[in-house]
Amino acid sequence: MDVSALLNKAEKKLSGVHPVVAEKARQLIEKAYAEGIPIIITQGLRTIKEQNRLYEQGRTKPGKIVTNARGGYSYHNFGLAFDFCVCDVVKGNLVPNWKVDHRWIRVGQIGKSLGLEWGGEWKGFKDYPHFQYTFGLSLAQLRSGKKPPIARVTKR
């Protein structure tokens, strides 16, 4: 699996994500790959309805709790966040590996070097697969209609 395949795979998940955030995700993929850590983007923009469904998991629906954010209380809902997974390569195929190890920590460090906030460093609920770039906007500001700056990023 080469880096261009990882980047191509990411594009669908990055649809609807703010262009600056999407470009940071692409840079993360490239930098992690250069260090021998293949990652995939697993989630980008999430609707309020999707967020509420995730919030119900482990509360009113079966499964383990995966988020503390209701709809409108996640940067995913505004296209300012994405999730990733470290992968193993088995017989030429990517296999997601959700066990947090030194590779996850390294990807967190790489993301931070790109200016991203990493959920793996949050107090309380650690969200290792999560990165966000908020442009300094709070969720309350975003819910009230404030928008991040419009940016044009040159696609490769």
Side-chain angles (χ1 to χ4, degrees), residues 1-34 37-58 63-88 94-98 100 103-122 125-156:
M1 177 76 45
D2 66 3
V3 71
S4 62
L6 294 172
L7 290 165
N8 288 337
K9 187 173 182 59
E11 285 310 307
K12 183 177 178 187
K13 299 292 184 178
L14 294 173
S15 175
V17 172
H18 189 283
V20 169
V21 182
E23 182 56 26
K24 288 180 181 292
R26 290 183 200 99
Q27 291 171 3
L28 182 71
I29 291 167
E30 291 175 332
K31 289 180 179 291
Y33 184 84
I37 308 170
I39 64 170
I40 56 171
I41 303 303
T42 59
Q43 183 95 85
L45 179 68
R46 194 181 292 147
T47 67
I48 302 288
K49 187 176 181 178
E50 290 169 324
Q51 188 70 37
N52 283 329
R53 269 199 310 268
L54 280 177
Y55 183 79
E56 291 168 358
Q57 186 177 317
K64 70 176 206 161
I65 291 176
V66 294
T67 184
N68 283 332
R70 296 176 193 264
Y73 289 81
S74 169
Y75 284 99
H76 282 284
N77 304 144
F78 302 96
L80 301 180
F82 63 91
D83 292 338
F84 76 99
C85 183
V86 169
C87 292
D88 298 324
L94 288 176
V95 178
N97 184 337
W98 293 99
V100 175
R103 298 173 301 167
W104 282 81
I105 304 306
R106 181 61 189 135
V107 174
Q109 293 168 342
I110 295 168
K112 287 174 35 188
S113 78
L114 295 171
L116 293 163
E117 181 183 338
W118 181 40
E121 289 195 328
W122 290 347
F125 183 81
K126 302 274 187 197
D127 193 354
Y128 289 97
H130 181 89
F131 282 108
Q132 60 190 35
Y133 190 80
T134 68
F135 296 92
L137 296 171
S138 70
L139 288 164
Q141 288 174 311
L142 292 165
R143 283 192 306 276
S144 72
K146 189 149 176 83
K147 303 272 188 225
I150 295 173
R152 299 198 195 290
V153 175
T154 307
K155 267 196 154 181
R156 302 153 198 251

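Not measured: the values here are computed from a predicted model. Quick note: numbers below take in every heavy atom, side chains included, and nothing from hydrogens, waters or symmetry partners. Numbering of residues begins at 1 and proceeds along the displayed sequence.
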Of all residues at least two apart in sequence or in a different chain, which pass the side chain to side chain contact (heavy atoms under 4.5 Å, CB included) check with [X]?
| X | value |
| --- | --- |
| Lys12 | none |
| Arg106 | Glu35, Ile37, Gln109, Ile110 |
| Ala140 | Ser138, Arg143 |
| Val3 | Leu7, Ile29, Glu30, Tyr33 |

Return the minimal non-hydrogen interatomic distance between [X] and [Y], and the atom names on each side.
| X | Y | value |
| --- | --- | --- |
| Ile40 | Pro96 | CD1-CG, 4.2 Å |
| Leu142 | Pro148 | CD2-CD, 4.2 Å |
| Phe82 | Leu116 | CZ-CD1, 3.8 Å |
| Asn77 | Tyr73 | OD1-N, 3.6 Å |
| Leu94 | Pro38 | CD2-CB, 4.1 Å |
| Val107 | Ala32 | CG2-CB, 4.2 Å |

For the [atom1] atom of [X] and the [atom2] atom of [Y], what is their distance to the nearest 0.5 Å?
| X | Y | atom1 | atom2 | result |
| --- | --- | --- | --- | --- |
| Asp83 | Ile39 | CG | CD1 | 11.5 Å |
| Gln57 | Lys64 | CD | NZ | 9.0 Å |
| Leu6 | Cys87 | CG | SG | 7.5 Å |
| Leu80 | Thr134 | CG | OG1 | 7.5 Å |
| Ile41 | Phe131 | CD1 | CZ | 8.5 Å |
| Thr67 | Phe125 | OG1 | CZ | 6.0 Å |

Is it the case that more than 12 heavy atoms not belonging to Arg53 sit under 6.0 Å from its CZ atom? yes
Phe135 atom CZ: more than 12 heavy-atom contacts under 6.0 Å: yes
For [X], all residues meeting salt bridge (Lys or Arg N to Asp or Glu O under 4.0 Å), sequence neighbours excluded:
| X | result |
| --- | --- |
| Lys126 | none |
| Glu56 | Lys61 |
| Glu121 | Lys112 |
| Asp127 | none |

Do Trp122 and Asn68 come within less than 4.5 Å of each other through their side chains, counting heavy atoms only? no
Report all side-chain donor-acceptor pairs from residues 14-22 shorter than 3.5 Å, counting only partners two or more places apart or in another chain.
| from | atom 1 | to | atom 2 | distance (Å) |
| --- | --- | --- | --- | --- |
| His18 | ND1 | Val20 | N | 3.1 |
| His18 | NE2 | Pro149 | O | 2.7 |

Kindly write out the residues that satisfy side chain to side chain donor-acceptor pair (under 3.5 Å) with [X], not counting sequence neighbours, or none if the list is empty.
| X | value |
| --- | --- |
| Asn8 | none |
| Ser113 | none |
| Asp88 | Asn97, Arg103 |

Is the ring pair Tyr128/Trp118 parallel, tilted or perpendicular, if the boundaries are 30 and 60 degrees? perpendicular
Would you call the rings of His130 and His76 parallel, tilted or perpendicular, where under 30° means parallel and over 60° means perpendicular? perpendicular
Check: [X] side chain, [Y] main-chain N or O, donor-acceptor pair, under 3.5 Å:
| X | Y | value |
| --- | --- | --- |
| Gln51 | Ala69 | yes |
| Glu117 | Tyr133 | no |
| Asn52 | Arg70 | no |
| Lys24 | Leu114 | yes |

